[in-house]
Amino acid sequence: MKPFRIILCDMNKSVTQLWKSFIQEAATKNPNLVFIYNDSFEALIDHLKVDTVKNHAKTYSVVSPGNSFGYLGGGFDLALYKYFGGAPFEKWFRRQLDNEYKPVGSITTVDLQNCKEQNLNPTRDGLGYIIHCPTMITPNGPIFNPSEPMKTGVEPVFDATWNALRYAPDDTDAIILSGLCTGYAAVPEALSCKSMIFAIRLYLCDGLLSSEMKNILIMHFLGYPYPAYFPKECKEEAERVGISLENLHAFNALCDPIDWILPPHLIIE
Ligand code: ADP
Ligand code: NA
Ligand code: NA
C-alpha cells in the first residue's frame, strides 16, 4: 500500500514549530511525505485546491479531534463546522455516528460521499472522509493532569494519532491533522507535538522495522516497558538498525529526544 501524505495544519505557530523540531530532517525535505502548514484550516483548503488542480484529484481525510458526542462546536472542529456548512452538516455528521456515544480512543470514519443533503457539498474540494477521533467526552475541562503527564498527555495524543494513521481509509491520498489535545484538552504543546510526531515517525518507517519492533518502541515510549514482551529477535533487530538498548531501557518521553529510540535514518524513500 502506498503511504499517504501527512499534512499537519495548525494556526498556532508554536505548534508548527514544535512539529518541525521533532520530525526528521529527511521528512521535511520532502513535502510529499510530510507538509507542515502554519495557518488556518480554511487557508489550507485554498492552498490545496491549487495543488489538486495541478496534481489531479486527491482524496483528503481530515481528523476531527472531537468529543464523544460528535458535536463540532469548538477549536479545530469549529473550523470543520463552518467549512462543511454549519448546523445542518453537524446534524448529518452526528447521524453518521448513529447519534451515539463514541468513547475516547475509539475511531469512526465518516464517508462524505454519503452526504446527499441539498446545499451541502462536503466533497467539493476533495475532502473524502472525516476521521472522528474523540479526545474528550465533553469539552467541560482539560483532560491533562500535570501530576500524570504520561497517562493524560503523551498516551491520549499518541493513541489518537496512531488510530488516525492506522484506520484512515485505503483510498486516502493525504491525511490532515491539527495539534491534538492542544486546545480545550490543554495538553502542553511540546508533549502533544512530540507524541504526534513519534506516531508519525513510526508510520514513516513502514517496512523498515518489524511490527514487533514497533511494539517495543511504543511500549517504551508510553512508559510501559515489560521484559517478557521483549523478544530476543527484537534485541537483534534493534542492534541491526542502530537502536540502543540502553537508551530504550532508560527512555523517558517527557524529556528524551525521539532520536534516542528511533534513529532519523529510518524513513521511507
Ligand atoms: P483539543 O480539543 O483536542 O484540544 P482543539 O480543537 O481545541 O483540540 O485544538 C486543537 C488545535 O487546533 C489547536 O492547536 C488550535 O491551535 C488548532 N486550531 C483551532 N482552530 C483552528 C483553525 N481554524 N485552523 C487551524 N488550526 C486550528
Ligand atoms: Na477535542
Ligand atoms: Na476540537
Side-chain angles (χ1 to χ4, degrees), residues 6-23 34-49 51 60-86 89-90 93-94 97 101-108 110 122 125 127 130-146 148-149 151-165 174-200:
I6 296 171
I7 299 173
L8 300 173
C9 166
D10 206 296
M11 58 191 190
N12 181 345
K13 181 135 207 203
S14 54
V15 168
T16 52
Q17 274 170 341
L18 284 160
W19 280 332
K20 280 186 190 140
S21 74
F22 291 125
I23 197 94
V34 179
F35 175 55
I36 297 179
Y37 189 73
N38 177 224
D39 205 334
S40 66
F41 174 72
E42 302 84 320
L44 173 70
I45 296 302
D46 283 338
H47 174 89
L48 293 178
K49 262 188 231 170
D51 216 45
Y60 299 101
S61 293
V62 61
V63 172
S64 157
N67 54 76
S68 293
F69 300 99
Y71 289 103
L72 300 170
F76 192 72
D77 278 343
L78 186 59
L80 300 183
Y81 177 92
K82 289 180 182 154
Y83 170 80
F84 285 114
F89 180 79
E90 182 182 62
F93 179 72
R94 295 191 64 233
L97 306 177
Y101 171 68
K102 301 294 182 192
V104 171
S106 68
I107 188 137
T108 312
V110 170
D125 298 317
L127 287 154
I130 297 179
I131 306 175
H132 181 244
C133 289
T135 55
M136 44 174 54
I137 296 177
T138 63
N140 74 337
I143 64 161
F144 186 69
N145 172 355
E148 281 190 297
K151 192 108 195 89
T152 65
V154 170
E155 193 174 315
V157 174
F158 175 83
D159 287 354
T161 314
W162 174 267
N163 266 343
L165 296 172
I175 190 171
I176 302 170
L177 292 138
S178 61
L180 300 181
C181 302
T182 43
Y184 286 94
V187 172
E189 288 163 5
L191 274 194
S192 165
C193 292
K194 194 194 266 188
S195 307
M196 283 186 78
I197 295 294
F198 181 63
I200 289 167

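Note that the numbering runs from 1 along the sequence shown for the chain. As the structure lists them, so they are numbered: ligands from 1, and atoms in each ligand from 1.
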Is Thr135 touching ligand 1 with its side chain, its backbone, both, or neither, if touching means heavy atoms under 4.0 Å apart?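 Within the 4.0 Å criterion, Thr135 contacts ligand 1 through side-chain atoms alone.
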Please give me the minimum heavy-atom distance between [X] and [Y], naming the atom from each residue.
X	Y	result
Gly141	Met136	O-CE, 4.0 Å
Thr152	Ile143	CB-O, 3.4 Å
Glu189	Asn12	OE2-ND2, 2.9 Å

N/O of [X] under 3.5 Å from N/O of ligand 1, yes or no?
X	value
Cys9	no
Leu180	no
Asp77	no
Tyr184	yes
Ala79	no
Cys181	yes

Scan Cys181, Ser178, Cys133 and name whichever one has a side-chain contact (heavy atoms from CB on, under 4.5 Å) with Pro65.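 Exactly one option meets the side-chain contact (heavy atoms from CB on, under 4.5 Å) with Pro65, and it is Ser178.
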Should the pair Trp162 and Phe158 be assigned to parallel (<30°), tilted (30 to 60°) or perpendicular (>60°) ring geometry?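 Answer is parallel, since the angle falls under 30°.
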What is the ring orientation for Phe41 with Phe76, classed by angle as parallel under 30°, tilted 30 to 60°, or perpendicular over 60°?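 Perpendicular, since the angle between the ring planes exceeds 60°.
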Under 4.0 Å from a heavy atom of [X]: give me the atoms of ligand 1 that qualify, with their elements.
X	result
Gly179	10 (C), 11 (C)
Asn12	16 (O)
Thr182	4 (O), 10 (C), 11 (C), 13 (C), 14 (O)
Pro65	2 (O), 3 (O)

Going by atom types alone, do Tyr184 and Asn67 pair a side-chain donor with an acceptor below 3.5 Å?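 No, no side-chain donor-acceptor pair sits under 3.5 Å.
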Asp77 versus Ser64, side-chain donor and acceptor atoms under 3.5 Å: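 Looking only at side-chain atoms, Asp77 and Ser64 do form a donor-acceptor pair, the distance falling under 3.5 Å.
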So between Lys13, Met11, Met136, whose heavy atom ends up nearest atom 20 (N) of ligand 1?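 The residue whose heavy atom sits nearest atom 20 (N) of ligand 1 is Met11.
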Just wondering, more than 12 heavy atoms not from Phe69 lying within 6.0 Å of its CZ?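 Enclosed: over 12 neighbouring heavy atoms sit under 6.0 Å from CZ of Phe69.
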With a 4.0 Å cut-off on heavy atoms, is Glu42 in contact with ligand 1?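 The answer is yes: ligand 1 sits under 4.0 Å from a heavy atom of Glu42.
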At a 4.0 Å cut-off, with the gap strictly under it, does some heavy atom of Asp39 reach an atom of ligand 1?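 The answer is yes: ligand 1 sits under 4.0 Å from a heavy atom of Asp39.
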